[in-house]
J.: 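Below is a structure I'd like to ask you about.
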Amino acid sequence: MRLSDTLTKQKVALPDTGPIRMYFCGPTVYQRAHIGNARPFVLGMWLRNWLHTQGRDVKLVHNITDINDRIYEAAPGASAELAERATEWYFEDTEALGLGLPDELPKASEFVPQIIRFIEELIAGGYAYEVEGDVYFRVTRDPDYGRLSGQRPDQVEEQEPNARKEDPRDFALWKANKPDEDTWWDSPWGRGRPGWHIECSVMAEELLGPVFEIHGGGLDLVFPHHENELAQSSALGHDFARIWTHNGLLRFTGSKMSKSEGNIVTIREAVERWGHEAILVYFLTGHWSKPIDFSEDVMESAEARVDRFREVFRGESQAVGDWDEFAAALEDDFNTPEALAVLHGWRDHALLRRALAVFGLASLAETEDAPPEIVELAERRRHARAARDFDEADRLRAQIEAAGWEARDVADGFQLVPR
RNA sequence: GGCGCCGUGGCCGAGUGGCUAGGCAGAGGCCUGCAAAGCCUCGCACACCAGUUCGAUUCUGGUCGGCGCCUCCA
C-alpha cells in the first residue's frame, strides 16, 4: 500500500513485510470532541482494519493528551477531574462510531517519568536547556528543523517575547508549575509538567519503538506539533515515523470548524442526528488528505448512500463484485471515495459485507424483521389485494406506515422495511 | 511576509494525455391496482489565458478566485 506522506510530499510505499506500527494524535481532553476530531480516529481505525484484512500485523496507538494549558484554563482548580471526565466522553463518543478501539490509548499523565528521562537526554545532548524551572528545545541546534512543514526557523512568525528563551522559536519541553495550575510532577527542574509536544514523542517511542511506520493526525498539527516531535526524536538519533499522514480538516458553513470559532458539532450530536453509519459513509466520500465540508446536504447525501447499501442486502445476492478492484482503490493512497464507488456496483452480499466491515459498516447488511403484528397487517393487505379491494389495501398500508414500516409489493408477496 | 492545498456537470466528489467514475437532486421511461424499491435513458463537466502535443480536464507557465497552517485547534 502507498500513502501520501507529508515529509516527502509523495506517495510512499509501506514495507511489504513486518508489523505496521501506527501512532495517531488524539484529542486534548477538556471538552466534548467535535466531529472534526473523529476524522483522524476513523482513518486510523480504517487503516488498521484494512491492513488486518491484508493479513498484516498492526498496532495502532491513539494518544490522549490530558496535560495541557487548555485544560487548566477550562477548569481552574479542577483540571484533573475535567481531563478524566473528558477522556470518558471521548471513549463514549468514539465507541458510538461503531469502530471499536485502538490497540493502545495512552495518556500523557501516565508517562511523566519517561518524559522526564527523554528531556534529560535532550539536555545531555545539548538540544535543550533549563531556565528557571522551564526546559526549552533549542531549535537552532537542529539544522533540519522545519523539514516536515517546510517552515524554516528564520521564517517562523515571532511570538510574544519570552525573555527566558534563548531564541523566540524555542519551544517548551517542560513548564514550571504556576500558582493556578493544580496538577504537577516533581522533576530535576522542580515542580512542573510536560510541554505540549514531548508527550507524543515519548508515548510513540515507548509503545512502538524509535521507528514506526505511520504517524497520523490533523493537518493543523503539522506545524508546530509534529515538526517539534520530529525535532525532539531526531535529536536523539531516532528515525521516528516513516510516513506522515495528515488528514484534511472539516469545514463548516464555508469556514473551518474550530473550537475557537464556536461553530462546532460534537461527535455525539452528529451520531444522534444522523447515526454513526451515515457519519462513516460521509467520511468515506472524501479523500482523507483533503478538506471536506460538513453540512446538512452532504449528510443527507451520505444517508442516501446508507439506504442504498441497505437496499442491496434486501435484494437477492448475485455474484457481482470484484474484490481486487476494491483493494486496488485502497492500496493506492487509501482512496475511499473510489472504493465507495466500486462498492455501489456490488450485489454479492457476503463480499459486500466483508468490504463494508473494513469501514465498520457491516451493520448495513443486517435486515430487520417486522414484528408479528405488522406482518399480520401485511398479510391482511395481501388478501385484500388478492380480492382487489384496493381501498382496504391502501388503508392497511397507511396503518403499517403509521407503525413505522413500509409495505412494498414484490413478486411473491410483500416486503416490510423499517422507515 | 513565509509554507502549503484547492478550483470537475444543480450539489458532493474520484480520476485519466485520446476510452462510463460514483452518490445526491432533476427530467423521461419500464415495472405497479396505485405506490415504494429497483432498473433503463438524458442532461454539450472539467475556473481563465497561453504553451508542449497528432490530441489536455489530465503536463508546463501565468492570471483570477477560494482555503489552511505560521508555538493552546484533529
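Quick note on labels: first sequence line is chain A, next is B, and so on, each numbered from 1.
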J.: What residues, two or more places apart in sequence or in another chain, satisfy salt bridge (charged side-chain N to carboxylate O under 4.0 Å, His left out) together with A:E88?
T.: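 So A:E88 forms no salt bridge (charged side-chain N to carboxylate O under 4.0 Å, His left out) with any residue.
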J.: A:D307: which residues meet the salt bridge (charged side-chain N to carboxylate O under 4.0 Å, His left out) condition with it, sequence neighbours left out?
T.: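 If we apply the salt bridge (charged side-chain N to carboxylate O under 4.0 Å, His left out) test to A:D307, skipping adjacent residues, there are no hits.
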J.: If the condition is salt bridge (charged side-chain N to carboxylate O under 4.0 Å, His left out), which residues does A:E401 pass it with, not counting sequence neighbours?
T.: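 Testing A:E401 for salt bridge (charged side-chain N to carboxylate O under 4.0 Å, His left out), a comparison that skips the adjacent residues, returns none.
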J.: Can you say whether a donor on the side chain of A:R381 sits under 3.5 Å from an acceptor on the base of B:G33, or the other way round?
T.: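 Counting by modelled atom types and ignoring angles, a donor-acceptor contact under 3.5 Å is found here.
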J.: How does RNA chain B look in dot-bracket notation if pairs are Watson-Crick or G-U with both distances under 3.5 Å, crossing ones as [ ], other-strand ones as |?
T.: (((((((..(((.....[...))).(((((.......)))))....(((((..]....))))))))))))....
J.: Go through residues 398-407 of chain A and report each residue with a non-hydrogen atom lying under 4.0 Å from RNA chain B, sorted by number.
T.: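 Here the set is A:E406, A:A407.
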J.: What residues from residues 127-138 of chain A pass a heavy-atom cutoff of under 4.0 Å to RNA chain B?
T.: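 The answer is none.
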J.: Mind listing the side-chain donor-acceptor pairs of residues 296-304 of chain A below 3.5 Å, one per line with the distance, residues two or more places apart or on another chain?
T.:
| residue | atom | partner | partner atom | Å |
| --- | --- | --- | --- | --- |
| A:E296 | OE1 | A:R273 | NH2 | 2.6 |
| A:E296 | OE2 | A:R273 | NH1 | 3.0 |
| A:E296 | OE2 | A:R273 | NH2 | 3.4 |

J.: Could you list by number each residue of residues 308-319 of chain A showing a heavy-atom separation from RNA chain B of less than 4.0 Å, or answer none if no residue does?
T.: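 Heavy-atom cutoff 4.0 Å gives A:R308, A:E311.
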J.: With the threshold set at under 4.0 Å for non-hydrogen atoms, list the residues of residues 347-371 of chain A touching RNA chain B in residue-number order.
T.: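 Of all residues in residues 347-371 of chain A, the ones placing a heavy atom under 4.0 Å from RNA chain B are A:R347.
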J.: What residues form a side chain to side chain contact (heavy atoms under 4.5 Å, CB included) with A:E269, not counting sequence neighbours?
T.: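 Counting only residues at least two positions away or on another chain, A:E269 forms a side chain to side chain contact (heavy atoms under 4.5 Å, CB included) with A:V265, A:T266.
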J.: State which residues pass salt bridge (charged side-chain N to carboxylate O under 4.0 Å, His left out) with A:R48; sequence neighbours excluded, sorted by chain then number.
T.: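 So A:R48 forms a salt bridge (charged side-chain N to carboxylate O under 4.0 Å, His left out) with A:D103.
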J.: Could you write nucleotides 6-16 of chain B as a row of B, S and -, 5' to 3', where a protein heavy atom under 4.0 Å of any base atom gives B, of only sugar-phosphate atoms gives S, and otherwise -?
T.: ------SSSS-
